[in-house]
Engineer: 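Okay, handing you the structure first.
This is a predicted model, so every value here is computed, not measured. Just so it is clear: chains get the letters A, B, ... in the order the sequence lines come, proteins before strands, and each one is counted from 1.
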Amino acid sequence: MTPDQLISGRIAEAVQNLYRQEAPEAALQLQATRKDFEGDLTAVMFPLLKISRLSPEKTGEAIGEWIREHTPEVESVNVVKGFLNIKLSAAFWLEQLKNIAGTPAFGVQAPSGKTVMVEYSSPNTNKPLHLGHIRNNLLGYSVAQLLEANGHKVIKANLVNDRGIHICKSMLAWQKWGHGEMPQSAGMKGDHLVGKYYVLFDKEYKRQQSELKGQGKTEEEAAKLAPIILEAQEMLRRWEQGDPATVELWKTMNGWVYAGFDETYKQLGVSFDKIYYESNTYLLGKKIVEEGLQKDVFFKKEDGSVWIDLSADGLDQKLLLRADGTSVYMTQDLGTAQQRFGEYPLNELIYVVGNEQDYHFKVLKLILSKLGYPESEVIYHLSYGMVELPEGKMKSREGTVVDADDLVADMINTARDTSMALGKLEHIPAEEQEQLFHMLGLGALKYFILKVDPKKTMLFNPQESIDFNGNTGPFIQYTHARIRSVLRKAEEQGLKAATGAALNEKEVELVKLLGNFPEMVKEAGAAHSPALVANYVYELAKEFNQYYHDVSILKESDEATRAQRLVVLQQIAAVIKTGMGILGIEVPERM
RNA sequence: GGUCCGGUAGCUCAGCUGGAUAGAGCAACAGAUUUCUAAUCUGUAGGUCGCGGGUUCGACUCCCUCCCGGAUCACCA
């Protein structure tokens, strides 16, 4: 039984016995006691005053007294203003520790029988991944881990945007100026190579536009009439007609990009169970259009285009089918959603997509519900804010984009430099050192991004942001390595771990924190927020470091105390490992 | 202009469904190493929680006005 369950049950009984009344659930308010007061849990008396008809102090004293008398686990109580502070006994906390130590995979919830799909990453195949994608990938992967820890079966999905005008731009530029250049010959990752030609296209397109404007065309006309964009559109038409040469080139260049992406995904440590390609799904959704027309949810304009009118819901009219019969983004998404619900019995379908698409997903859900699909309620848009640089937003045309591969390489180098400067890891074999640099560099990056509430815009300063001290990944990784090191030594010395001794004050704090872990995992899962996990693990690591500083483990002469401290250490290490695992961060045995 | 999201210490961020004197880290300053790993720990300093109202025993938290920043309102995806 958790402390909260125990005490709130007792308060309810106390109210029943003292005042002959049922205390409503909402009136039983418990919180952790603030550090400056004596106690473990604090019950707020104000909501109970109506029942007791006494002052807050008197109510607290009466209820406190009753609880103390009737609850062996309660050691003492005190009342400060309207707050009843309750201190639980050492024996109770010891029991908690035993429970934690006796629970395998503590914090991981039992199978829920629910299936959840998390769609994330979903890149375009015309350029390499950048910092914004990193936030997406890390969030998506971590949320998937988090939901798995909540006992759900999770399908990680990636919808690759492999078709459309953007990839034709790269293809066209490569055809024109590539001279057969390939990733191997260029010595570049495939995605970077394709990105290079995308940039070349853009340059030429810009040049042609300004030329046209110089000839008196308007901005809009210039954008539409530039020969190179017409050529790209022509290429897209050929692709859609299945022209063999175009399709061949498309396959080749996409192949390069996939090889490049795979490498980046591997570096980031993210993976997928199911990959969808837009080239296979872009025609989906037309059936839904017909259905919507039949149900009179959609309507057709004179030109043949199909729309839905959402103005009654405070939104606008939304296009679903162009006059030429081709579908748009929304239509495709409706179709793919429907397809997925057919493929899997999904209890939740999560889209990890930036907040610039909040409107899109709002409309998507609304349309599905208007069509009468109950699945609409199961769709969740995990919306995250942009990553900004000190200079402001990332702009590809201004060259301020932070490339994902470069950033990862930088992080690993920083980890190497920092480790070397500290003279750490000298006794570790070179190969393992490299693994550690990777683990630490990525740990720093992942933690830095995931500790921030997803929906907030975050600032990333490449020079200063990523630290290795304080509230960072490496600090937690270090803490874990440190604990494992002590435990290894204990093992070498043949020392046994066992519960049974008295817990000191700091140990009670640690047990309390550990005991909160499962509840925190649930909350974070419900909120789809790895940030809660990150901040929890940091809290635990910090508490541990303070404890570790004050107390000796191996040198402790009392055998029972020493054995129990080893148990505490084991549990902290285990929870750190599980928590960091949810964040997709590996944790070293030594460093 | 409509809608949505944000505004907490110099900087980066926590603060759960309203609860006691608003918390960390970084940066600054002052300390602690014969260590079980100092990538550590302790202390000092740093705040009109964007502004103003309201709701109540109590508001960073809920409601309203306004200010600032961002996103979005495409026959792009």
Engineer: I'd like to know if A/K424 reaches the base of B/U37 with its side chain, counting only an N/O donor and acceptor under 3.5 Å.
Structural biologist: yes
Engineer: The side chain of A/V486 is closest to which nucleotide in this list: B/C75, B/U37, B/U21?
Structural biologist: B/U37
Engineer: Has the side chain of A/N516 got a donor or acceptor atom sitting under 3.5 Å from an opposite partner on the base of B/C16?
Structural biologist: no
Engineer: Please measure how far the C1' atom in B/G54 lies from the corresponding atom in B/A20, and state the result in whole Å.
Structural biologist: 24 Å
Engineer: Do A/K127 and A/Y198 form a cation-pi contact, if we require the NZ or CZ to be under 6.0 Å from the six-membered ring centre and within 45 degrees of the ring's axis?
Structural biologist: yes
Engineer: Expressed as a whole number of angstroms, how long is the span from A/K362:NZ to B/G2:P?
Structural biologist: 15 Å
Engineer: Heavy atoms only, 4.0 Å cut-off, all strands: where does A/E388 land among base, sugar-phosphate and nothing?
Structural biologist: nothing
Engineer: Pick base, sugar-phosphate or nothing for A/Y548, based on heavy-atom distances below 4.0 Å to the nucleic acid.
Structural biologist: base
Engineer: Tell whether A/D162 reaches the base of B/A77 with its side chain through a donor-acceptor pair below 3.5 angstrom.
Structural biologist: no
Engineer: Say we look at B/G7 and B/U12: how far apart would their P atoms be, to the nearest angstrom?
Structural biologist: 13 Å
Engineer: Could you tell me how far B/G15 sits from B/A24 if I compare only their P atoms? Round to whole Å.
Structural biologist: 15 Å
Engineer: Want to settle it: does A/N85 or A/S327 sit nearer the 5' end of RNA chain B, counting the closest nucleotide to each?
Structural biologist: A/N85
Engineer: A/N136 side chain to A/V352 main-chain N or O, any donor-acceptor pair under 3.5 Å?
Structural biologist: yes
Engineer: If I take atom CZ in residue A/F83 and atom P in nucleotide B/U21, what distance separates them, rounded to the nearest angstrom?
Structural biologist: 8 Å
Engineer: Please name the nucleotide paired to B/G58 by Watson-Crick or G-U wobble geometry with both distances under 3.5 Å, or report none.
Structural biologist: none
Engineer: Within the 4.0 Å heavy-atom criterion, would you say A/V44 contacts the bases, only the backbone, or no part of the nucleic acid?
Structural biologist: base
Engineer: Select one nucleotide: of B/C4, B/U42, B/C26, the one nearest the side-chain heavy atoms of A/Q546.
Structural biologist: B/U42
Engineer: With a 3.5 Å cut-off and no angle check, do the side chains of A/D4 and A/T2 form a donor-acceptor pair?
Structural biologist: no
Engineer: Taking any heavy-atom pair under 4.0 Å as a contact, classify A/F475: base, sugar-phosphate, or nothing.
Structural biologist: sugar-phosphate
Engineer: For B/G69, give its Watson-Crick or G-U wobble partner with both distances under 3.5 Å, or none.
Structural biologist: B/C5
Engineer: With centres under 5.5 Å and planes under 30°, do A/F37 and B/A20 count as stacked?
Structural biologist: yes
Engineer: Could you tell me the separation between the NE2 atom of A/H381 and the C1' atom of B/U72, rounded to a whole number of Å?
Structural biologist: 12 Å
Engineer: What nucleic acid atoms does A/S419 come within less than 4.0 Å of, heavy atoms only: base, sugar-phosphate, or nothing?
Structural biologist: base
Engineer: Would you call the rings of A/H360 and A/Y329 parallel, tilted or perpendicular, where under 30° means parallel and over 60° means perpendicular?
Structural biologist: parallel
Engineer: If B/G46 has a Watson-Crick or G-U wobble mate with both distances under 3.5 Å, name it; if not, just say none.
Structural biologist: none
Engineer: Choose from B/A77, B/C73, B/A20 the nucleotide whose nearest atom is closest to any side-chain atom of A/Q332.
Structural biologist: B/A77
Engineer: Have a look at A/D313 and say if it touches a base, only the backbone sugar-phosphate, or nothing, with a 4.0 Å heavy-atom cut-off.
Structural biologist: nothing
Engineer: Ignoring backbone atoms, establish whether A/K542 has a side-chain N or O less than 4.0 Å from OP1 or OP2 of B/A14.
Structural biologist: no
Engineer: What nucleotide among B/U37, B/G7, B/A39 has an atom nearest to a side-chain atom of A/K456?
Structural biologist: B/G7
Engineer: Is the ring pair A/F83/A/F46 parallel, tilted or perpendicular, if the boundaries are 30 and 60 degrees?
Structural biologist: perpendicular
Engineer: So does A/E61 pair up with A/K58, basic N to acidic O under 4.0 Å?
Structural biologist: no
Engineer: Between atom CG in A/L513 and atom P in B/A14, what is the gap in whole Å?
Structural biologist: 19 Å
Engineer: Expressed in whole Å, how much space separates the P atoms belonging to B/A22 and B/C68?
Structural biologist: 30 Å
Engineer: When the C1' atoms of B/G46 and B/A30 are considered, how many whole Å apart are they?
Structural biologist: 15 Å
Engineer: Can you measure A/Q477 atom CD to B/U40 atom P for me and round it to whole angstrom units?
Structural biologist: 13 Å
Engineer: Could you tell me whether A/T42 contacts a base, only the sugar-phosphate backbone, or nothing, with contacts defined as non-hydrogen atoms closer than 4.0 Å?
Structural biologist: base
Engineer: Using both distances under 3.5 Å as the test, list the Watson-Crick or G-U wobble partner of B/G10, or none.
Structural biologist: B/C26
Engineer: Honestly, is A/K301 close enough over A/W307, meaning NZ or CZ under 6.0 Å from the six-membered ring centre and within 45° of the axis?
Structural biologist: yes
Engineer: Could you check which nucleotide pairs with B/A32 in any of the strands shown, counting Watson-Crick or G-U wobble with both distances under 3.5 Å?
Structural biologist: B/U40
Engineer: Write down the distance separating the P atoms in B/C62 and B/G50, rounded off to the nearest Å.
Structural biologist: 12 Å
Engineer: Counting only side-chain heavy atoms from C-beta out, which of B/U37, B/G25, B/U72 sits nearest to A/A481?
Structural biologist: B/U37
Engineer: Touch check for A/Y478, heavy atoms < 4.0 angstrom, all strands: base, sugar-phosphate only, or nothing?
Structural biologist: base
Engineer: Distance check, C1' atoms only: B/G19 and B/U61, in whole angstrom units.
Structural biologist: 11 Å
Engineer: So, is A/S485 near the phosphate of B/U37, with a side-chain N or O under 4.0 Å from OP1 or OP2?
Structural biologist: yes
Engineer: Which part of the nucleic acid, if any, lies within reach of A/M591 when heavy atoms closer than 4.0 Å are counted: base, sugar-phosphate only, or nothing?
Structural biologist: base
Engineer: Counting any heavy atom closer than 4.0 Å, what does A/L459 reach on the DNA or RNA strands: base, sugar-phosphate only, or nothing?
Structural biologist: sugar-phosphate
Engineer: Just call it for A/L440: base, sugar-phosphate, or nothing, with non-hydrogen atoms closer than 4.0 Å on any strand.
Structural biologist: base
Engineer: Hey, does the Lys NZ or Arg CZ of A/R163 hover above the aromatic six-ring of A/Y277, less than 6.0 Å from the centre and inside 45° of the axis?
Structural biologist: no
Engineer: Whole angstrom is fine here: how far is it from CG in A/D453 over to P in B/A14?
Structural biologist: 6 Å
Engineer: A/M386 or A/L422: which one's nearest nucleotide on RNA chain B is closer to the 5' end?
Structural biologist: A/L422
Engineer: Test A/F475 against every option in A/Y447, A/Y538, A/F468 by the ring pair (Phe, Tyr, Trp, His ring centres under 6.0 Å) rule and name the one that passes.
Structural biologist: A/Y538
Engineer: May I ask you to say what A/E278 touches in the nucleic acid, namely base, sugar-phosphate or nothing, with a heavy-atom cut-off under 4.0 Å?
Structural biologist: sugar-phosphate
Engineer: Ignoring backbone atoms, establish whether A/N469 has a side-chain N or O less than 4.0 Å from OP1 or OP2 of B/U40.
Structural biologist: yes
Engineer: Would you mind pulling out the nucleotide paired to B/U21, Watson-Crick or G-U wobble, both distances under 3.5 Å?
Structural biologist: none
Engineer: For the side chain of A/R322, starting at C-beta, report the closest nucleotide among B/C13, B/C41, B/A77.
Structural biologist: B/A77
Engineer: For atom C1', what is the distance between B/A59 and B/G18, given to the nearest Å?
Structural biologist: 6 Å
Engineer: So A/A531, base contact, sugar-phosphate only, or nothing? Heavy-atom distance under 4.0 Å.
Structural biologist: nothing
Engineer: Could you tell me how far apart A/L315 (CG) and B/G1 (C1') are, to the nearest whole angstrom?
Structural biologist: 16 Å
Engineer: Once you apply a heavy-atom cut-off of 4.0 Å, does A/K489 come out as touching a base, just sugar-phosphate, or nothing?
Structural biologist: sugar-phosphate
Engineer: Please check this pair: side chain of A/S121 against backbone of A/P123, looking for a donor-acceptor N/O pair closer than 3.5 Å.
Structural biologist: no
Engineer: Within the structure, does a side-chain N or O atom of A/R484 lie under 4.0 Å from either OP1 or OP2 of B/U37?
Structural biologist: no
Engineer: From CZ of A/F448 over to P of B/C26, roughly how many Å is that when rounded to an integer?
Structural biologist: 14 Å
Engineer: Determine if A/F46 stacks with B/G19; use a centre-to-centre distance below 5.5 Å and an interplanar angle below 30° as the criteria.
Structural biologist: yes
Engineer: Go through B/A39, B/G25, B/G19 for me and flag the one nearest to the A/Q29 side chain.
Structural biologist: B/G19
